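This structure is a prediction, so every number in the text was calculated from the model and none was measured. Naming: A, B, ... by sequence-line order, numbering from 1 per chain.
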Amino acid sequence: MTNQKENTSRNDRIYAVIREIPPGCVLTYGQVAMLAETPRGHRLVAAALRGSGSLLRLPWQRVVAKHSRKKGRIATKGDDATEQRALLVREGVSVDPAGLISLEAHGWLPID
DNA sequence: AAGTTGACGGATG
DNA sequence: TCATCCGCCAACT
């Protein structure tokens, strides 16, 4: 048989990775995809989070877009962005007015 | 069935 | 530094 179960669990792996991000830390979509064994699946991570819903109790706020080599950025828009910023600040993550976050200070994985 | 979309990322101008 | 384009992969129309 083919690896159909891998397909089914792809989404679950993404959730599993996000669930293991410690408070006060952030990961980029690309990093989550990499840890979830989906090397170029950064867009799939975004899709998974968008379709997840809040009942999963997923720390979605810890997933940010990579803005530059050492900076992350809140990728949500509207009210979600406001909520994400509040949740992060509440965890001790410093977020710039523009929504930028220092990956060196708060990134879960080392940058270089 | 084929084109469009998206909570992205990297390269280029 | 900011704006734009192309690539990636599944879901949606």
Please lay out, stage by stage, how A/S102 and A/K70 fare under the test side chain to side chain contact (heavy atoms under 4.5 Å, CB included).
CA-CA 6 Å; A/S102 169; A/K70 298 182 176 178; over 6 Å; no
- Query: Does the side chain to side chain contact (heavy atoms under 4.5 Å, CB included) test come out yes or no for A/V26 and A/V63, once each step is laid out?
  - Reply: CA-CA 6 Å; A/V26 297; A/V63 183; over 6 Å; no
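Rounding to whole angstrom units, OH of residue A/Y29 and P of C/dA10 are separated by 18 Å. Straight-line distance from the CG atom of A/N11 to the P atom of B/dA7: 15 Å, rounded to whole Å. One interatomic measurement links the two molecules: CG of A/L49 to P of B/dA7, which rounds to 11 Å at whole-angstrom precision. Across the protein-nucleic acid pair, A/L56 atom CG and B/dA7 atom P stand 17 Å apart, rounded to whole Å. In this structure, the CD1 atom of A/I14 is 13 Å from the C1' atom of B/dA7, given to the nearest Å. With rounding to whole Å, A/M34 atom CE is found 13 Å from B/dG9 atom C1'. Rounded to whole Å, atom P of B/dG9 lies 13 Å from atom CD1 of A/I111. Distance NZ (A/K71) to P (B/dC8): 19 Å, rounded to an integer number of Å.
Contact annotation for A/G30: backbone-only contact, meaning every heavy-atom pair under 4.0 Å involves sugar-phosphate atoms and none involves a base. No engagement by A/A47 is indicated, since no non-hydrogen atom pair under 4.0 Å with the nucleic acid exists. Nucleic acid contact class of A/T38 (heavy atoms, under 4.0 Å, all strands): none. Counting any heavy atom pair closer than 4.0 Å across all strands shown, A/R40 reaches sugar-phosphate atoms only and no base atom.
Remark on DNA chain C: of its neighbouring residues A/R43 and A/H67, the 5'-side contact belongs to A/H67, judged by nearest-heavy-atom nucleotide.
A salt bridge between A/R62 and A/E91 is present, with a side-chain N of the basic residue lying under 4.0 Å from a carboxylate O of the acidic one. We find that A/D96 and A/R73 are not joined by a salt bridge, their nearest charged nitrogen and carboxylate oxygen being 4.0 Å or further apart.
Relative to the side chain of A/A46, the nucleotides B/dG9, B/dA7, C/dC8 differ in distance, and B/dA7 lies closest. Comparing atom distances between the A/K66 side chain and each of C/dC8, B/dG10, B/dA7 picks out B/dG10 as nearest. Side-chain proximity of A/A75 to the nucleotides B/dA7, C/dA10, C/dG7 is greatest for B/dA7. In this structure, of C/dA10, B/dA7, C/dC8, it is C/dA10 that holds the atom nearest to the side chain of A/R10.
Spacing of P atoms, B/dA1 relative to C/dC8, comes out at 23 Å, to the nearest Å.
Across all non-hydrogen atoms, the minimal contact from A/A33 to A/G41 is CB-C, 3.6 Å.
For B/dG10, its base never sits under 3.5 Å from the side chain of A/H42 at any donor and acceptor pair.
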